[in-house]
2 protein chains.
Amino acid sequence: MKRLVTMKTIAKELNVSTATVSKALQDSYEIGNETKQKVWALAKQLKYELNPAGSSLRGQKTKTIAVIIPEIANNFFSLAIKGIEEIARRLDYHVLIYQTHENSEIEMAFTDSLLNGRVDGILISISSETSNNEHFRELVKKIPIVFFDRVYEDIDAVKITTDDYLSTYNATKHLIDCGCKKIAYLLALDNLSTGKKRVQGYHDALKEHNMLYTSDLIVKYDTDEAVNYNNIKNLILTHKPDGVISSIEDLALPCYYVCKELNLNIPKDLKIISFSNLNTAPLLNPSLTTITQPAFEIGKEAASILFKILHNKHVEPNESMILESELIKRDSTSCN
Amino acid sequence: MKRLVTMKTIAKELNVSTATVSKALQDSYEIGNETKQKVWALAKQLKYELNPAGSSLRGQKTKTIAVIIPEIANNFFSLAIKGIEEIARRLDYHVLIYQTHENSEIEMAFTDSLLNGRVDGILISISSETSNNEHFRELVKKIPIVFFDRVYEDIDAVKITTDDYLSTYNATKHLIDCGCKKIAYLLALDNLSTGKKRVQGYHDALKEHNMLYTSDLIVKYDTDEAVNYNNIKNLILTHKPDGVISSIEDLALPCYYVCKELNLNIPKDLKIISFSNLNTAPLLNPSLTTITQPAFEIGKEAASILFKILHNKHVEPNESMILESELIKRDSTSCN
DNA sequence: CTGTTAGCGCTTTCAC
DNA sequence: GTGAAAGCGCTAACAG
């Protein structure tokens with residue numbers, strides 16, 4: 001396109017060397033005030049911007065981070081990105097986005113392709129904990145990484161998560177308190193500690209209250225929507241649960257539709273609680289009680305810690321954090 | 001962090017020059033087959049990745065594009081990004097994300113900061129058409145840009161939009177066909193052609209049917225949610241409309257709540273149609289009839305065209321596109 | 001206080 | 001078919 005304005009342009013114009021310009025722009029103590037002023041003025045006038053290729057080639061820092069997530073068009077992740085971007089902006093960092101579509105092959109390809117100095121660090125929410133353990137174990141040695149939400153439990157890196165276990169534990173307990181006798185569970189993310197903890201919380205709450213716990217009451221997520229719908233329908237027809245915990249939003253919706261088809265009154269016949277970051281949840285009818293994660297804050301925390309690492313260079317002690325989810329009670333499960 | 005694997009590494013190992021490695025990796029006809037094989041094998045083994053700083057410094061292309069949008073945590077924009085990312089991935093491009101929070105100062109700062117060769121092109125959905133006309137007029141001369149959804153009407157650049165005028169025209173007509181006699185409008189984006197066309201469609205449909213058109217029936221978006229709520233409440237109390245067209249999702253929600261507070265039955269007392277990309281709209285009660293834009297496709301189209309421009313180098317004729325929105329009819333406005 | 005110089009990793013003539 | 005050399009824009013060590 002257009003010829004770029006470089007330090008050379010400024011140097012020539014001002015009859016100084018590029019080194020002087022470089023230092024002046026960095027406000028180095030080595031440069032005289034007068035020169036600095038002249039350089040700054042001209043730089044501003046010409047709208048000079050540092051060429052990132054030049055400086056990162058030289059200095060090994062790109063002022064860029066990558067965010068790798070399963071899916072962008074998802075309330076949780078888009079809020080998290082929002083948080084990340086806000087922190088990045090404050091520190092003049094740039095944010096690259098990559099979506100894996102839950103495919104760990106793609107995930108590995110992305111991370112590998114980022115080891116060439118394109119970014120200074122990575123924020124990642126992984127798609128599976130089973131298929132690429134070794135890969136990540138190596139990766140964390142090569143580039144600063146912070147895991148968020150969906151993390152590798154047994155890898156030594158900073159992790160920002162929410163209290164998955166407690167969330168479902170409390171939610172299940174809430175349903176029990178509401179009088180539910182038979183609580184089903186819609187299972188997803190079971191290849192991740194996130195998912196395992198969630199189902200464990202459900203499990204433990206049931207056991208503690210001597211409630212029925214059987215795999216018959218668990219429906220596992222399938223990538224085919226129609227299959228999910230039918231599985232849930234079968235569950236409801238066969239076992240007639242009076243409560244449901246859904247580990248992801250995408251399973252609560254078909255559950256809702258099934259009830260509609262079967263003419264079940266949701267708060268009365270079946271109480272549903274789901275993980276969800278829908279900003280419209282209160283508009284749902286019967287309004288859905290949700291376990292809502294602080295997605296925005298998770299993004300902000302994860303980014304903040306990554307930048308801390310990037311700036312200190314030195315190894316951080318395990319600064320991992322567990323943020324609290326909120327059980328937002330609504331009509332569907334209110335006890336009265 | 002770790003020492004990077006560079007062409008030098010490969011060259012040394014294989015006793016060839018870096019020039020040969022570079023050419024081999026590009027599958028140049030100049031290089032013998034045997035050498036190529038060796039280079040490729042070693043590159044793979046060492047997980048060599050091209051250093052983007054080096055090559056973009058040299059070649060002036062970064063294989064990176066920027067996406068500038070008002071807000072990430074928004075169903076429309078996150079879907080658009082999803083589309084953009086998918087196309088970018090196919091062509092091995094990287095995607096930088098920037099959110100302006102509807103602030104055109106920030107917007108200008110972003111675009112300026114991208115003129116230093118950090119990206120090859122920009123996809124943007126602007127925040128205002130009034131405050132920085134001159135800025136964008138200059139910008140399009142300096143870097144390839146494709147505008148999407150919220151565009152500069154009178155700037156010579158490719159634009160991907162939806163049929164804003166027709167959307168509201170048809171929606172309004174639909175309400176009229178349903179028997180509405182007094183249709184209000186919730187106005188937003190009025191500093192953009194997008195918003196102007198939307199209100200114009202509403203206006204024209206009313207006029208064509210000799211319906212009441214008065215600014216009293218228009219409530220303008222305010223950044224303060226409480227103000228919106230009150231304005232809508234006043235509108236409804238004072239003018240008792242039987243239909244509402246909302247130009248953005250964020251105004252339909254308070255409208256819904258107002259009805260709840262006033263004990264208005266939405267399909268019966270007041271029919272609401274809103275622009276919305278909520279994937280849960282069918283769950284709303286009373287289910288909301290929506291004007292739904294093909295956000296994902298807009299993202300894909302915009303990205304595709306940008307890449308076309310980037311690859312041809314030569315100026316494109318005006319390949320702007322207008323995609324169709326869909327009026328998804330639901331209980332709240334069904335005629336019977 | 002300022003300039004010279006070298007080199008980050010890569011590509012591209014131009015020789016051989 | 002391969003290599004030497006120059007240079008993209010920047011920074012830092014070192015001279016002066």
Side-chain angles (χ1 to χ4, degrees), chain A residues 1-40 42-43 46-64 92 113-120, chain B residues 1-40 42-43 46-64 92 113-120:
Chain A
M1 217 77 182
K2 262 273 142 56
R3 191 88 221 97
L4 294 179
V5 181
T6 76
M7 287 191 177
K8 222 189 215 166
T9 324
I10 299 181
K12 227 173 240 165
E13 185 75 25
L14 258 40
N15 272 316
V16 294
S17 74
T18 58
T20 304
V21 175
S22 174
K23 287 177 196 159
L25 289 173
Q26 288 174 87
D27 201 5
S28 160
Y29 66 96
E30 296 181 80
I31 302 297
N33 227 307
E34 208 179 333
T35 316
K36 277 185 192 171
Q37 298 298 342
K38 278 196 288 189
V39 170
W40 292 345
L42 189 56
L46 300 178
K47 290 199 181 187
Y48 169 78
E49 294 275 346
L50 193 64
N51 182 312
S55 73
S56 59
L57 191 52
R58 186 61 230 252
Q60 322 276 28
K61 55 185 164 359
T62 61
K63 284 244 161 199
T64 305
D92 266 315
S113 80
L114 292 171
L115 292 177
N116 55 6
R118 183 177 288 275
V119 298
D120 297 339
Chain B
M1 219 73 183
K2 262 272 142 55
R3 191 88 223 98
L4 294 179
V5 182
T6 76
M7 288 191 177
K8 223 189 215 166
T9 323
I10 298 181
K12 228 172 240 166
E13 186 75 26
L14 259 39
N15 271 316
V16 295
S17 72
T18 57
T20 304
V21 175
S22 174
K23 287 176 194 160
L25 289 172
Q26 288 174 88
D27 200 6
S28 160
Y29 66 94
E30 294 182 81
I31 301 297
N33 226 308
E34 209 180 329
T35 314
K36 279 185 191 170
Q37 297 298 344
K38 279 197 287 190
V39 170
W40 291 346
L42 189 57
L46 300 178
K47 290 199 182 188
Y48 169 78
E49 294 275 346
L50 195 64
N51 182 313
S55 74
S56 60
L57 191 53
R58 184 65 229 250
Q60 320 274 27
K61 56 186 162 7
T62 61
K63 284 247 163 195
T64 305
D92 266 314
S113 80
L114 292 171
L115 291 177
N116 55 7
R118 182 178 288 275
V119 299
D120 297 339

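Chain letters run A, B, ... following the sequence lines, proteins first, then strands; residues in each count from 1. Keep in mind that the numbers below use all heavy atoms, side chains included, and drop hydrogens, waters and symmetry copies. None of the values given here were measured: they were computed from a predicted structure.
Side-chain atoms of B/N116 come within 3.5 Å of backbone atoms of A/L50 as a donor-acceptor pair (strictly under, hydrogens ignored).
Judged as a salt bridge (charged side-chain N to carboxylate O under 4.0 Å, His left out), the pairs with a partner in residues 30-40 of chain A (not counting sequence neighbours) are, in order, A/K23-A/E30, A/D27-A/K36.
Legend: residues meeting side chain to side chain contact (heavy atoms under 4.5 Å, CB included) with A/E13, ordered by chain and number and at least two apart, are A/L42. Take A/K8 and apply the salt bridge (charged side-chain N to carboxylate O under 4.0 Å, His left out) test, not counting sequence neighbours, and it matches no residue. Under the side chain to side chain contact (heavy atoms under 4.5 Å, CB included) criterion, A/A43 pairs with A/I10, A/L25, A/Y48, sequence neighbours left out. With sequence neighbours excluded, the residues satisfying side chain to side chain contact (heavy atoms under 4.5 Å, CB included) with A/Q26 are A/S22.
Along DNA chain D, the nucleotide nearest B/S17 and the nucleotide nearest B/G54 are compared for position; the residue whose nucleotide lies closer to the 5' end is B/S17. Comparing A/V16 and B/Y48, the nucleotide of DNA chain C nearest to each residue sits closer to the 5' end for A/V16. Of the two residues contacting DNA chain C, namely B/T20 and B/A53, the nearest-nucleotide position lying further toward the 5' end is that of B/A53.
Note on A/N33: nothing from the nucleic acid sits closer than 4.0 angstrom, heavy atoms only. Contacts of A/A19 with the nucleic acid, taken as non-hydrogen atoms under 4.0 Å apart, include base atoms.
If you measure from atom CD of B/Q37 to atom P of D/dG1, you get 14 Å, rounded to the nearest angstrom. Counting to the nearest Å, the P atom of C/dT12 and the CG atom of B/L50 are 11 Å from each other. Distance, A/E34 CD to C/dT2 C1': 13 Å, rounded to whole Å. Taking atom CG of A/N15 as the reference point, atom P of C/dT4 lies 11 Å away to the nearest angstrom. We find that CD1 of A/I31 is positioned 8 Å from P of C/dG3, with the value rounded to whole Å. Computed from coordinates, the A/L14 CG to C/dT2 C1' distance equals 13 Å when rounded to whole Å. If you measure from atom NZ of B/K61 to atom C1' of C/dG9, you get 13 Å, rounded to the nearest angstrom. Across the protein-nucleic acid pair, B/N51 atom CG and C/dG9 atom P stand 7 Å apart, rounded to whole Å.
Phosphate proximity of D/dT2 to B/T35: present, with a side-chain N or O under 4.0 Å from OP1 or OP2. For A/T18 and D/dC10, the shortest distance from a side-chain N or O to OP1 or OP2 is not below 4.0 Å. Between B/T6 and C/dG9 there is no side-chain polar atom (N or O) within less than 4.0 angstrom of OP1 or OP2. For the OP1/OP2 pair of D/dC8 and a distance below 4.0 Å, the side-chain nitrogens and oxygens of A/K8 include at least one atom meeting the criterion. Residue B/S55 places none of its side-chain N or O atoms closer than 4.0 Å to OP1 or OP2 of C/dC10.
The shortest distance between side-chain heavy atoms of B/K47 and B/V5 does not fall below 4.5 Å.
Using a 4.0 Å cutoff on non-hydrogen atoms, the parts of residues 21-30 of chain A near DNA chain C are A/K23, A/E30, ordered by number.
Taking each heavy atom of A/G117 and A/T62 in turn, the nearest pair found is O-CG2, 2.9 Å.
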